[in-house]
*Asks:* 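Structure in structure tokens, see below.
Quick note: residue numbers are just sequence positions, from 1.
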Amino acid sequence: MKRRKLMKEHCCETMTQQVNFKCEEHFSPFDCPDNLIYYNNKFDEYGLIIHYGGTSSLQIDFCPWCGTNLPDSKRDLWFDTLEQLGFDEPFEQEIPKKFKTDDWYRK
């Protein structure tokens with residue numbers, strides 16, 4: 001197994017390694033039993049991957065390694081912001097590109 005180049009620093013080195021883990025055998029992090037953490041940068045959410053063949057994760061509020069309180073999810077803010085811009089079905093509509101990544105809250 002190989003790790004990809006680190007993209008974003010997280011609360012500790014272990015979390016950063018886990019979030020940025022890239023398996024050479026599995027395209028999806030949900031298919032790899034060695035992948036433990038899923039980070040959704042669009043919503044700034046961390047989760048423990050549930051390995052059952054789907055794409056579920058259990059949102060976590062604290063880092064399992066260092067105990068740091070992780071940031072609050074921005075999921076509700078994402079939907080509220082898009083609704084204010086006139087997008088009431090953002091998964092069905094063509095939304096601005098910045099809302100497909102973390103650019104919408106970082107800039």
*Asks:* Running the 4.5 Å side-chain criterion over Ile, Leu, Val, Met, Phe, Trp and Tyr, what cluster does Ile49 land in, apart from itself?
*Replies:* Phe30, Tyr38
*Asks:* Find the distance between CG (Leu48) and CD (Gln18) and round it off to the nearest 0.5 Å.
*Replies:* 10.0 Å
*Asks:* Which pairs of donor and acceptor atoms, one on a side chain in residues 54-64, lie under 3.5 Å apart (sequence neighbours left out)?
*Replies:*
residue: Ser56; atom: OG; partner: Tyr52; partner atom: OH; Å: 3.1

*Asks:* Side-chain polar contacts of residues 65-74 - donor-acceptor pairs under 3.5 angstrom, sequence neighbours left out - could you list them?
*Replies:*
residue: Ser73; atom: OG; partner: Glu45; partner atom: OE2; Å: 2.6
residue: Ser73; atom: OG; partner: Arg75; partner atom: N; Å: 3.1
residue: Lys74; atom: NZ; partner: Asp44; partner atom: OD2; Å: 2.8

*Asks:* Sorted by first residue and then second, give each salt bridge (Lys or Arg N to Asp or Glu O under 4.0 Å) pair with at least one member in residues 77-91; sequence neighbours left out.
*Replies:* none
*Asks:* For Ile95, enumerate each residue passing the side-chain contact (heavy atoms from CB on, under 4.5 Å) test, keeping only those at least two apart in sequence or located in another chain.
*Replies:*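 Here the qualifying residues are Trp78, Leu82, Phe87, Pro90, Phe99, Lys100.
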*Asks:* Hey, are the side chains of Cys32 and Phe27 touching, using non-hydrogen atoms and a 4.5 Å cut-off?
*Replies:* no
*Asks:* Check for a donor-acceptor pair, side chain of His51 on one end and backbone N or O of Asn35 on the other, with a separation under 3.5 Å.
*Replies:* yes
*Asks:* Take Lys42 and Trp104 through the test side-chain contact (heavy atoms from CB on, under 4.5 Å) and record every step on the way to the result.
*Replies:* CA-CA 8 Å; Lys42 178 170 53 176; Trp104 72 274; 4.2 Å; yes
*Asks:* Give the C-alpha distance, both sets of side-chain angles, the deciding distance and a yes or no for side-chain contact (heavy atoms from CB on, under 4.5 Å) between Tyr46 and Val19.
*Replies:* CA-CA 9 Å; Tyr46 293 82; Val19 166; 4.1 Å; yes
*Asks:* Of all residues at least two apart in sequence or in a different chain, which pass the side-chain contact (heavy atoms from CB on, under 4.5 Å) check with Asp102?
*Replies:*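 Scan of Asp102 (side-chain contact (heavy atoms from CB on, under 4.5 Å), adjacent residues dropped) gives Asn41, Tyr105, Arg106.
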*Asks:* Taking atom CD as the centre, does Gln93 end up with more than 12 heavy-atom neighbours from other residues, nucleotides or ligands that are less than 6.0 angstrom away?
*Replies:*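 Counting neighbours around CD of Gln93, more than 12 heavy atoms of other residues, nucleotides or ligands fall under 6.0 Å, so yes.
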*Asks:* With a 4.5 Å heavy-atom cut-off, do Pro33 and His26 have their side chains touching?
*Replies:* yes
*Asks:* Hey, what do you get for CG (Asn20) to CE (Met15), rounding to the nearest 0.5 Å?
*Replies:*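 Atom-to-atom, Asn20:CG and Met15:CE are 11.0 Å apart.
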